Amino acid sequence: MRGGLVQRLAVVTAFLAVVLALSGGVWRYGFNQALDQLEARGEADLALAGDRLVGQLQRYRDLAVTMADHPGVVAALHGASAEDTRDLLLEVADKSATLDVLVLDSAGRIRAAAQDAPPRDLSAQPHVRRALRGALGWGHGPAMPLTERAFYHAAPMFGPDGRVQGAVVVVTDLNGIDYNWRGTNPPAFFTDLNGVVYISNRSEILLWQRPVGDPGLRPPDGQEPSFRITRIGGHEIWTVGWGPYLPREGLHLTQDLPVIGMMGEVLLDVTQARAFAWAQAAAVAALCLAFGSLLFLASERRRALAEANQQLEARVAERTAALRRAQDDLVQAGKLSALGQMSAGISHELNQPLMAIRSFAENAVEFMARGKPERAEENLTRISDMARRMGRIIQNLRAFARQETGPQERVELGAVLAATFDLTKGRMAEAGVTLRYVPPAHDVWVQGGEVRLGQVFVNLITNAVDAMASSTHKHLSVTVEETDSVAVRIEDTGPGIEMPDKVFDPFYTTKTVGETGGMGLGLSISYGIVQSFGGQIKGSNLPQGGAQFTVTLERAVAEVEEAA
């Protein structure tokens, strides 16, 4: 008896260890996937921020080039009135929001300035030396006493003989450049070749400097703020304590900006990505524990029945052969009965709908992203309750969750649509949407991929459900039409498509932040998937109102089993 108890405890311990390892693997995989998506969005944000900064600075470069040919500026090098030249430069500076405009002679000395700067020699400045050699020069540094952070553009002034006779230097106040960025997300900053933060939408880290040979940043006073770097799946994550307006844990991304001699950097908060990974790991652990509990109870009951049968067989061992045969029949009947009971119990537990798990998981992630942990906890609780109800659609759910990388193949359209309805039935029921669908009377084979094609239909149906949120009548119609090709039409009773010609463009969306809005990539991805199958997808508005999406697919010849 004791040996059996020890054995069962060992099995339970081993099972829990496997569940823990599996959940850890799911967490790591989910976290990596979330970080991949976060990195893609961050790279796009950083590229936009870099382009915006370069574009703003390039305006002042163009101003320097234009002023280099201005007659009033040229006259300043040939003895024109300093007061008139200063008035001209001051007017240009005021109209262009420039900090200062300088006119230098061929030796690099200031001949005129908008801010009435004292005469001094600037020939040692790299951007001035470059301009006096006949090329455009740029650089950054302090412009005291006007500002601590300035950007310089220097343009050469050529004489009639083609020689450089001077230069125009436009001084830009970087405080005016990044002032309008303050507080925007994500936290971004631009460092120079010395690792100094020269431009940022977080003023608290301005002029911080990267330690030589080390990552991270350090304030000018030399203090050592809290900092730690970790790498997960090729991603660099900074754990910092730099104030309330920077993420505690941030994915660090960089992008070179050689046009202005700086590097753009960004810190993306990984809190949501980590929470998403934990939600996935918790769901897997709950499913495994549910399976394990059922199997353990079944094995315990079977063991108890086996012991009872052994005792019963021992009691009738001395009876006659007839009684032994009768007893054997009774034992066999008991075994079959127990098996039937176990099968019914397992079937009851497994055949509960699992359709809402995916929807609740997505809602939980969305609610956590919106800062509503109590709503997220409610969804996670529902997921835990429904995890035991994993019946007939579990294989569809597993197939929908995996990455399909193989080539296109022949798939049965009716089965794909049936799996799609299984996955979206809970979403439609919750939204009060009525589905109108008559399955084809025979198998319809098309060219495609089962998982990717299912992804297209799931996306179209969920979009239609979202579109009908404020509609009085909520009807979703799905029809299959067969001609030379196969067309699937999905029609709803929503407000229709605002701009049908742009609905498949990346990042186009009509959903607001308060709705189930995303980045507007679902229909663009669906368009690419259908195109890869050699098909077409179109969106239009119905005359009676509502939207219609038509997915046209190429037929596939059904396999015919040859006679042996």
Side-chain angles (χ1 to χ4, degrees), residues 1-31 276-314 327-361 364 377-403 418-419 422-423 425-426 451:
M1 180 65 69
R2 181 176 178 82
L5 179 60
V6 172
Q7 184 180 8
R8 291 197 295 276
L9 288 176
V11 171
V12 171
T13 303
F15 175 75
L16 292 177
V18 171
V19 171
L20 181 61
L22 179 61
S23 300
V26 170
W27 180 90
R28 187 172 185 85
Y29 176 79
F31 193 36
F276 176 73
W278 278 117
Q280 286 185 318
V284 170
L287 293 176
C288 292
L289 291 176
F291 269 129
S293 298
L294 290 175
L295 293 175
F296 180 77
L297 292 176
S299 63
E300 285 296 299
R301 186 168 185 179
R302 183 173 181 178
R303 183 184 60 81
L305 286 176
E307 291 179 355
N309 289 336
Q310 290 176 359
Q311 293 176 1
L312 185 60
E313 290 176 355
Q327 184 64 34
D328 290 341
D329 292 340
L330 182 60
V331 171
Q332 184 63 25
K335 291 182 180 179
L336 294 176
S337 176
L339 181 60
Q341 291 177 3
M342 287 189 292
S343 299
I346 294 174
S347 175
H348 176 74
E349 293 294 335
L350 297 183
N351 283 334
Q352 299 301 316
L354 187 62
M355 297 177 295
I357 284 183
R358 181 182 179 88
S359 176
F360 286 136
E377 181 180 359
E378 177 184 347
N379 280 268
L380 291 175
T381 301
R382 293 183 179 181
I383 290 174
S384 179
D385 294 338
M386 293 184 180
R388 298 179 179 85
R389 306 168 62 187
M390 6 179 348
R392 57 188 177 83
I393 65 168
I394 187 168
Q395 292 185 352
N396 290 332
L397 185 59
R398 291 174 60 189
F400 189 76
R402 75 172 188 263
Q403 293 282 347
D422 281 340
L423 294 173
K425 187 181 300 181
V451 176

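From a predicted model like this one, the values you see are computed outputs, not experimental measurements.
Distance check, rounded to the nearest 0.5 Å: CZ of F15 to CG of L20 gives 11.5 Å. Remark: L287 CG to L22 CG distance equals 10.0 Å, nearest 0.5 Å.
Using a 4.5 Å heavy-atom threshold, the side chains of V19 and S23 count as touching.
For W27, the ring-ring contact (aromatic ring centres under 6.0 Å, His included) criterion is met by F31, W278, not counting sequence neighbours. Partners of L16 according to the side-chain contact (heavy atoms from CB on, under 4.5 Å) rule, which considers only residues two or more places apart in sequence or in another chain, are V12, L289.
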